[in-house]
Q: 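Below is a structure I'd like to ask you about.
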Amino acid sequence: MEKIKEKEGKPLDFIRQIIAEDLANGKHQKIITRFPPEPNGFLHIGHAKSICLNFGIKEENSGICNLRFDDTNPSKEEAIYVESIKKDVAWLGFDWGDRPFFASDYFSQLYGFAIDLIKKEKAYVCQLSPEQIREYRGTLTEPGRESPYRNRPVAENLELFEGMKNGAFPEGTHVLRAKIDMSSPNLNMRDPVIYRILKTSHHRTGDTWQIYPMYDYTHCLSDMLENITHSLCTLEFEDHRPLYDWILDTLETPCHPRQIEFARLNLTYTVMSKRKIMQLVEGNHVDGWNDPRMVTLSGLRRRGYTAASIQNFIDTIGVGKRDSWIDMTVLENSIRDDLNSSAERRMCVLDPVKVVLDNYPKGQIEELEAKNHPQKPDMGNRLIPFGRELYIERSDFMENPPRKFHRLGPGREVRLRYGYLVQYVSHITDKDTGEIVEIHCTYDPDTRGGSAPDGRKVKGTIHWVSAEKAVPVTVRLYDRLFIVENPEADKSVHFTDQLNSESRITLDGAMAEPCLADLQPGNSVQFERQGYFCADSNDWQDDAPVFNRTVTLRDSWAKRK
RNA sequence: UGGGGGAUGGUCUAAUGGCAAGGCAGCGGACUCUGACUCCGCUUAUCAAGGUUCGAAUCCUUGUCCCCCAGCCA
């Protein structure tokens, strides 16, 4: 059969090709996938790849996608993670219907299948210690040895396994193992452990069980019980596929999902593993799991990333089998794209310096009209107060500017956005610090709104706020967390020694146009000429606004310097 | 030195025996009341060597490099 390569003009990735073919040739009528997180941590952008893949396939094919918590290890898992995972998946924009599933829902059935395996002489209770099991397993190049317990009679296995279940033995003394092949070149097939004793309370089943099934055993059977058609997982499970298939084949299950592996996501200038993310939190290198510098979904959300931008990002990077590193700029670009069209424009001066308009009437305040979006008139206009005293960005003035500097300086005229054209008169410098404390200008009353009736061109347009009416706000400038592309590459340096010391810069003296104080936590706006910012969802107070910088605008001037 | 995977510009993805295409990054330019957006242009790639073929990124052979696996974690 001809391969199905694209849908609606867009090439299909290798997984979607397989699925399209399975549908076309009648192997499946309905596609069922699943997203199977372990509830032992918070979701990150890497999980988003799997979520978008599994739920995306469901949507594209009118199928089903289950959310299934892989909760087979009670010593690591907690209920709070279940809730945060649900929240993140829902936020990303996906719906698992009315049935969240748990591997722990299948514990009874799984136990039954284990008994079937014993009866088929395909599983046995082994009393080797963990150290001995490791020893007997052999190495990458040498075959393993068979356990002395391998050929126990079925009845004895049944009795011992029941004993394990009933708590007759301490942890570590007995395990149930699949009887496969101790000389297999694939270590996963050397009689893998499928049940272990764990006298730990489970977040859902409490103390009902003293034995818990292992991942390899649980996952394929859970997939089977849910009639999953395509079980998508990351590359490191490729070696586990023979075991996945062996268990289902041996139990002669009515349904046999196909496991397909794809490459996990790596992003430059960050770390993705749960363990490393945990270390950042526990070492207080960041402010918790939802620190806006983190690539956790909760962190990205708080940073101002939208679900659409993340879906779009995942869509852009594709799905393949090679180890790859996606450049952080691709993620940044996806949120710029989204916010460029959706975010209203505002003005906020991050590092203010005062400007006095010598010829502007003292005490006068007027309201000037500004567009909320320059390309979208339907987003409306707003009024901004203007007065004799203003603040502009310190970096928008130079005493000795270079030729290409389009901003304010001695002898220069600039436009105040949506305001007036102003002409430099003088400036005052602090004698001790050398810092510029005040700039004097005159304004041209004929240029109200920013256009010159005589048609004269002004190269620079800068943002401003009224000194009298502006509201002070806190602004947090976030940047990438690490100073190197791959913090894990250099094994001789600890990854936390490569943190970017300027990944968060807090500005307490920023001055914003008044209506910025009316935002709700989570709202995003563009600060013109600066970037996209959102009202922080944790720390925002109506009388003390806090903004997070989501991403800067592209800045070809900064690059030139 | 066993087994399982993978190699296409700086980076990610496409091509499924028939003109190596696109995104991001970079460089140059146009436009501009955001040095934004938008638009235009440009640089840069098939791991290597052989073979099959009118024609190879794609098929074959040999080799090289990279990733994963020796948890009672997932």
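Lettering of chains follows the sequences in order, A, B, ..., and the numbering in each one begins at 1.
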Q: Can you check whether any acceptor in the base of U34(B) is under 3.5 Å from a donor in the side chain of Q526(A), or vice versa?
A: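 When only heavy-atom distances are counted, Q526(A) does reach the base of U34(B) through a donor-acceptor pair under 3.5 Å.
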
Q: Quick check on side-chain hydrogen bond (donor to acceptor under 3.5 Å, both in side chains): which of E513(A), E393(A), E528(A) does H463(A) satisfy it with?
A: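 Considering E513(A), E393(A), E528(A), a side-chain hydrogen bond (donor to acceptor under 3.5 Å, both in side chains) with H463(A) is found only for E393(A).
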
Q: Tell me the interatomic distance from D396(A), atom CG, to A36(B), atom C1', rounded to whole angstroms.
A: 14 Å

Q: Across nucleotides 39-48 of chain B, 5' to 3', mark each nucleotide with B, S or - according to how protein heavy atoms within less than 4.0 Å reach it.
A: ----------

Q: Separation of I317(A) atom CD1 from A25(B) atom P, in whole Å?
A: 16 Å

Q: Which dot-bracket string describes RNA chain B (Watson-Crick N1-N3 plus N6-O4 or O6-N4, or G-U N1-O2 and O6-N3, all under 3.5 Å; [ ] crossing; | other strand)?
A: .((((((..((((....[..)))).(((((.......)))))....(((((..]....))))))))))).....

Q: Grab the CZ-P distance between R275(A) and A74(B) for me, whole Å please.
A: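 Those two atoms, CZ and P, are 17 Å apart.
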
Q: Using only modelled atom types and a 3.5 angstrom limit, is any donor from either the side chain of R322(A) or the base of U8(B) paired with an acceptor on the other?
A: yes

Q: Which whole-number value in Å describes the distance from R554(A) CZ to G26(B) C1'?
A: 12 Å

Q: Among the candidates G35(B), U34(B), A74(B), find the nucleotide nearest to the side-chain atoms of R417(A).
A: U34(B)

Q: Quick check on contacts: within residues 325-341 of chain A, what sits under 4.0 Å from RNA chain B by heavy-atom distance?
A: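 Only W325(A), I326(A), T329(A), V330(A), N333(A), N340(A) qualify.
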
Q: Can you list everything that forms a salt bridge (charged side-chain N to carboxylate O under 4.0 Å, His left out) with D444(A)? Sequence neighbours excluded, please.
A: R456(A)

Q: Quick one: R345(A) CZ to G35(B) C1', roughly how many Å, whole number?
A: 15 Å

Q: Ignoring hydrogens and angles, does a donor from either the side chain of Q375(A) or the base of A36(B) sit under 3.5 Å from an acceptor on the other?
A: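 Per atom types, the contact qualifies.
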
Q: Would you kindly give the NE2-to-P distance between H406(A) and C31(B), to the nearest whole Å?
A: 13 Å

Q: Check ring pair (Phe, Tyr, Trp, His ring centres under 6.0 Å) between F113(A) and all other residues, then give those that pass, not counting sequence neighbours.
A: none

Q: What protein N or O atoms touch nucleotides 1-4 of chain B N or O atoms at under 3.5 angstrom, if any, and at what distances?
A:
from  : atom 1 : to      : atom 2 : distance (Å)
G2(B) : N9     : L140(A) : O      : 3.3
G2(B) : N3     : L140(A) : O      : 3.1
G3(B) : N2     : D239(A) : OD1    : 3.4
G3(B) : N2     : D239(A) : OD2    : 2.7
G4(B) : O2'    : D239(A) : OD1    : 3.3

Q: K321(A) has an atom NZ; how far is it from atom C1' of G6(B), in whole Å?
A: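 Nearest whole value for this atom pair: 9 Å.
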
